[in-house]
Amino acid sequence: MKKKCLICNAEAEYRIKDTSDYYCADCAEENFADLSLLLKVEEEAKKLKVFVDEKIGEEDVSED
Ligand SMILES: [Zn+2]
């Protein structure tokens with residue numbers, strides 16, 4: 001599911017750390033001088049997938 005920018009409703013590319021506020025690249029740059037406060041939605045999705053894969057691996061090991 002694609003997230004939408006809070007301001008203009010475009011497809012969001014960034015999320016503010018520790019919140020569920022999403023912004024597109026344009027609005028993120030306009031509203032935040034420091035983009036390091038923002039997480040890239042794409043990268044976060046990758047991390048989430050890795051986390052899920054690891055979790056499955058752990059469960060397999062603990063079966064022993
Ligand atoms: Zn926007």
Side-chain angles (χ1 to χ4, degrees):
M1 193 169 59
K2 299 277 185 188
K3 297 292 182 185
K4 297 233 170 133
C5 174
L6 267 187
I7 295 169
C8 71
N9 243 21
E11 188 180 316
E13 282 183 47
Y14 293 95
R15 182 171 74 86
I16 303 177
K17 222 174 165 177
D18 300 327
T19 76
S20 51
D21 294 344
Y22 290 87
Y23 294 92
C24 69
D26 285 349
C27 293
E29 275 174 35
E30 233 172 82
N31 288 275
F32 300 94
D34 183 3
L35 288 184
S36 67
L37 290 173
L38 298 158
L39 305 173
K40 269 221 149 196
V41 172
E42 239 178 62
E43 283 170 16
E44 218 185 344
K46 274 184 217 154
K47 272 185 215 154
L48 200 66
K49 188 176 183 308
V50 168
F51 176 74
V52 169
D53 286 347
E54 279 174 5
K55 198 118 203 267
I56 290 165
E58 273 171 30
E59 275 170 19
D60 284 345
V61 170
S62 68
E63 290 266 323
D64 195 294

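Predicted model only: the values in this text are computed from it and were never measured. Numbering of ligands and ligand atoms starts at 1, following listing order.
The CG atom of L6 sits 7.5 Å away from atom CD1 of I16, with the distance rounded to the nearest 0.5 Å. The CG atom of D21 sits 9.5 Å away from the CD1 atom of I7 when rounded to the nearest 0.5 Å.
The two atoms that bring K4 and N9 nearest to each other are CD-O, 3.2 Å, heavy atoms only.
Among residues two or more places apart in sequence or in another chain, the ring pair (Phe, Tyr, Trp, His ring centres under 6.0 Å) test is passed with Y14 by none. Evaluation of the salt bridge (Lys or Arg N to Asp or Glu O under 4.0 Å) rule for E11 yields K2 as partners, not counting sequence neighbours. Residues forming a side-chain contact (heavy atoms from CB on, under 4.5 Å) with K3 (at least two apart in sequence, or on another chain): M1, A12, Y22.
Less than 2.8 Å away from the Zn ion (ligand 1), the protein contributes these N/O/S atoms: C5 SG, C8 SG, C24 SG, C27 SG.
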